[in-house]
Every structure is written in C-alpha cells, then in structure tokens.
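For reference, the structure discussed in these notes is given below.
For the numbers below, each heavy atom of this structure counts, side chains included, while hydrogens, waters and symmetry mates do not. Here the structure is a predicted model, which is why all the values come from computation and not from measurement.
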There are 2 protein chains.
Amino acid sequence: MTAMQKLERVMPIGALAERTGVKVETIRYYEQVGLLPPPERSEGNQRRYGRRHAERLAFIKHARDLGFAVDNIRTLLRLSDTPGIACDEAHAISVAHLQEVRDKIARLRSLETELERIATTCSGGVAACDCAIIEALADHRQCSHAHH
Amino acid sequence: MTAMQKLERVMPIGALAERTGVKVETIRYYEQVGLLPPPERSEGNQRRYGRRHAERLAFIKHARDLGFAVDNIRTLLRLSDTPGIACDEAHAISVAHLQEVRDKIARLRSLETELERIATTCSGGVAACDCAIIEALADHRQCSHAHH
DNA sequence: TCTGAAGCTCCAGGAACTACAGCTTTGGAG
DNA sequence: CTCCAAAGCTGTAGTTCCTGGAGCTTCAGA
C-alpha cells in the first residue's frame, strides 16, 4: 500500500501534453504565468508531472476551451483550492462570461447580415459591377447600420 | 475655380480622428503598416490630411468594423485602386470572411449552451453546492461535447 | 556507449492596436 | 508680440495568449 502510493506514475512534459491536448510550449507558458504550479524536476532539470498536475491542466484547458480569460481561470483555480466559499464568485464569473459570449454572438450576427448583403451584391462575375463590394465598403451609408 | 480647388481643406491628425472615429494612435499605426499613405507634413513636421485620406480611412474603418483582417483590407484597397478587374478577388475575400463569421457564431453558440448549463447548475446560493461550476470545469465528462 | 528524440532557457514575433515618455509645434488669448 | 496649454511628434514597450526558433543538455532504448 505504501509502495502503491509511491508508484503514482510520473511523466515528462511531452506525455502530459499528449494526454491533455495542450502543447508543450503552452504548458511551460502556463507555468510561467502562474496557472500551473512548478513541478518537481529530474536530476537533469527536466519537469516531472504527476496526476494532480494533469488534473489541474485539464481544468485549465476546459476553461480555456469555454473561452474563459486566463485571469478568470486564475480566480477559478484559487476558488477550487478553497472549497466551501467558492460558489458565489464562480457563479459571478460564469454569468459574466456567458453574457460576453451572448454579446459577441449578437454582434457577429449583425455582421453576418451585413456581409451577406455586401457579398451577394456582386456575385463575383465579370467586370460589369466595378465593384459593388468595394463601393459598399467605401460608403457606409449603404449599410443597415447594424454595426457601429 | 482654380482657387476653389486649392481650398480643399486640410486638417491635422486630431480632426481626422474625430471625423472618422479612428483614434490618433491608430491612424499613425495604419500609416506605419502601409494601409494609409503618408500625408504631407506642415513646416513643423505635423501630418496634414485632405479629403482623399479621409475617404480612405473611412473605407478602412468600415472594413475593420466588419471584421476584415488588416491584410485583407490591404488587398481590398489595392483592388479599389485598380478599377475594373477588382470584382472576383473582392468577392472571394468577402465570402471567405462571411464563412469565418458563420463558423465563429456556430462555435460561440455551442459555448453558450455549455455555459448556460454550467452557470445554472449552481445558482450562486449558499455553500451547499461545493461547487457545481468548479466541478463541471474539472470534469469534462459532464459536457455535452459540443466543444472540442 | 551511442544516438536521436525530447527537454531546457531565453527571446522574438504575431494581430491590432494602446499607452507612455519626453520632446516640439500650433494657434488663440491677452 | 508673447505665452502657454493643447495637440502633435518619434520611438518604444505593453496588451493577450500563445507559438516558434536558436542553441544547448538530458534521457532512454539498442
């Protein structure tokens, strides 16, 4: 049993990268900016990661995939380290981020409309148009003013 | 008439900024990266812009507002300088960009779903949850796998 | 023991600005 | 005409989140 616990397999950075889908350089970057704690080193100064590091990195990756900013992830990690009181703040961060995402979607949708209009004005045919797309860009008055 | 043409009013960078809604620093940046041609200078070496510059900058701003990359704008500007053959390439750029925007919307929508789920799991109440949000981030298996 | 892959540090770049420091020019008021 | 604050100038560094390279060292398997 004591031996078992000692057996917690340890891995170099490349293995961690492969396992989590985070690039080697990015892992080192996360360490540098304080998202991932510095791991033990081998005699030859190479990083050696254990299961706790893998879990933490998975958390980070998941949050990044969801679009959380690194700074917010730092906070979420701190919260996850201090169980109990975490909830409120984590909830606030998530809700704020959800709102950001929704705003971004709204903005992109209005761009989509505008681009659709511009891109289809001139179907990319021959010289005739001269060129509706470029004219649309040159003259904002043609817009439906969806974008600022 | 000759006098009239000479009267084309000329303005310093601040006026151009105000008129177009592009910040002073950004205008200088656009010059530096070759989007906006270097204007005449006053005796004291200050930039003096005319109507052509204002128009070109409006074009750039409009395209940026629509999310076109600076590199594509460079191309669009070149096309707008060589009338006639412009259409095909401009159309291609617009269509590609429209596709990018649509992809981005799709990705954000799947994030929105996931975040909604995560953010509402724990309503931010008291300590009871311990904390659903953080657990959701720690454990990807809870996801509906909409995101990679 | 040897060798090639993987690891190390440090630094530059990229996209599109933004901001500062430390100076000079401008243009209107007095 | 003189003053002075506001606006302009150049050059550099910072922002966010990585990514890639140079030039070196270590590791692990044959």
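- D:dT25 atom C1' lies 8 Å from atom CD of A:Gln46, rounded to whole Å.
- Atom CG of A:Leu111 and atom CD of A:Glu116 lie 11.5 Å apart (nearest 0.5 Å).
- When the P atom of D:dA7 is taken as reference, atom CD1 of B:Ile13 falls 13 Å away, rounded to whole Å.
- In this structure, A:Arg41 places its CZ atom 15 Å from C1' of D:dC27, rounding to the nearest Å.
- First and last contacting nucleotides of DNA chain C toward chain A (any atom under 4.0 angstrom from a heavy atom, 5' to 3' order): C:dG7 to C:dT9.
- Each of D:dT26, D:dC9, D:dG20 was ranked by its minimum atom distance to the side chain of A:Lys23; first place goes to D:dG20.
- The nearest whole Å value for the distance from the CD atom in A:Gln32 to the C1' atom in D:dC17 is 12 Å.
- Residue A:Arg64 is classed as a sugar-phosphate contact, given heavy-atom separations below 4.0 Å to backbone atoms only.
- Counting non-hydrogen atoms under 4.0 angstrom, B:Phe68 reaches nothing in the nucleic acid.
- Without hydrogens or angle criteria, A:His53 side chain to A:Pro37 main chain gives a donor-acceptor distance under 3.5 Å.
- Residue contacts shown for A:Arg28 include a base, since a base heavy atom lies under 4.0 Å away.
- In this structure, the CD atom of A:Glu43 is 11 Å from the P atom of D:dA28, given to the nearest Å.
- Under the 4.5 Å side-chain criterion, counting only non-hydrogen atoms from C-beta, B:Phe68 is in contact with A:Leu115.
- Each of B:Arg48 and B:Tyr29 was matched to the nucleotide of DNA chain C holding its nearest heavy atom; the match closer to the 5' end belongs to B:Tyr29.
- Distance A:Met11 CE to D:dC27 C1': 17 Å, rounded to the nearest Å.
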Run the side-chain contact (heavy atoms from CB on, under 4.5 Å) check on A:Gln99 and A:Val95 step by step: do they pass? CA-CA 6 Å; A:Gln99 193 51 55; A:Val95 167; 5.7 Å; no
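- Closest to the A:Ala69 side chain, of the nucleotides D:dG8, D:dC17, D:dC18, is D:dC17.
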